[in-house]
Amino acid sequence: MSTQDILEIKELLSTQKSIVIVPHKNPDGDAIGSTLGLLHYLLKLNHDATIIAPNDFPDFLKWIPKQDSILKYETQQTESDALINSADIMFTLDFNAFHRTGNMETVLANSKAIKIMIDHHQQPDDYPDYMFSDVSMSSTCEMVYHFLEKLDALQHIDKDLATCLYVGIMTDTGSFRYRSTTSTTHKIIAQLIEKGADNTQIHNNVYDTNSYNRLQLLGCALSNLKVLPESRTAYITLSQDELQQLDYKKGDTEGFVNYALSLNNIVLAAIFIEDKQNKIIKISLRSKGDFSVNELSRSHFEGGGHTNAAGGKSNTSLSDTVDKFISILPQYNNALNNV
Ligand code: 5GP
Ligand code: MN
């Protein structure tokens, strides 16, 4: 994003605007934290701003300041369409292509609003009028902090805004341990704590609110864990029946794939989750080192993401999807054994 872009955005935001802010479908901590962080800022400037999420988000995020103001397109389409069609500005956060918003794709693409992207995923589409894309960033929340810095707006960060950004940096970095975590990330986190973010409380709210059923589901996932030593790969499956038996709620499987990656000598991990309602298998992939699950997912599972964390899907059965995964691995064995 050039200095000229920043000047133009400052000018745009200098008078009251109607603004929509959009995260990706199945929003995670970074998507919800970054959109809410930006919302707090825009509301302070007296803009008429609304977050419209494609669908609902997990309960472990349902305490973040102003989360109850988020519209869900899935259930509030008429109201959302009206806001999108009359918006002056549209911010799209934490995704790189409109199809990542599911059913919102068409209305977003057709909108006449000025589009501003803030995102850290690889290979962004070229729809934005202003693109702030940086794949080296830990999180979109870290980018929102930099965006505010560029706008000379850091003084607007209060406890609530700091809390929102802290959530997304924490969740997207696996609590500050992934490779994308830099000294700058930690400096920003320090600033957010100084502005009032309560790090212990935030961690508790997100990670220490497990239901009994979720832990049982984790037990089920771990008992389904399989290892493919020649490919240094481990994977987990969860069938719809298993999910139903343990009263699965959105977000319950978040982080399960990391247990597979935590195995000694494993550099590629996957979880395959059956979603009978949408007739897909949702896939999460994680890797270590330079092995790119973004590439793997783009080539074989209609997805993408980052080098070490990506998602995708398959339209075949759970067992066929796993068979396909196992059958494509040998072509990566060299790369996997050189990580
Ligand atoms: P997760 O496995 O946690 O759902 O997603 C890991 C990363 O990949 C996230 O950054 C997420 O935004 C991205 N991602 C997840 N699913 C998809 C997908 O279907 N397509 C693309 N392009 N990215 C995805
Ligand atoms: Mn993110």
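Start at 1 with the first residue, then count along the sequence. Note that ligands are numbered from 1 as they come in the structure, with each ligand's atoms numbered from 1 the same way. Fair warning: this is a prediction, and the values are worked out from it, not measured in the lab.
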Heavy-atom neighbours of Y130 OH exceed 12 at 6.0 Å = yes

Mind telling me whether F98 and F95 have parallel, tilted or perpendicular rings, with 30° and 60° as the class edges?
-> tilted

N, O or S atoms of the protein lying under 2.8 Å from the Mn ion (ligand 2) | D30 OD2, D94 OD1, H120 NE2, D172 OD2

Which protein residues have a heavy atom closer than 4.0 Å to any atom of ligand 1, listed by chain and number?
-> R100, H121, K282, S284, R286, G303, G304, G305, H306, A309, A310, G311, G312

Got a salt bridge between K249 and D247, using NZ or NE/NH1/NH2 to carboxylate O under 4.0 Å?
-> yes

Does V257 reach the side chain of I236, with side-chain heavy atoms less than 4.5 Å apart?
-> no

Answer yes or no: is there an ion pair linking K10 with D152, defined by an N-O contact shorter than 4.0 Å?
-> yes

Do the rings of Y235 and F325 sit parallel, tilted or perpendicular, given the 30° and 60° boundaries?
-> perpendicular

Between H306 and H121, what is the ring plane arrangement, given parallel below 30°, perpendicular above 60°, and tilted in between?
-> parallel

Give a yes-or-no answer on whether the side chains of Y127 and T92 include a donor-acceptor pair shorter than 3.5 Å.
-> yes

Give a yes or no on whether a salt bridge exists between R100 and D119, defined as a side-chain N under 4.0 angstrom from a carboxylate O.
-> no

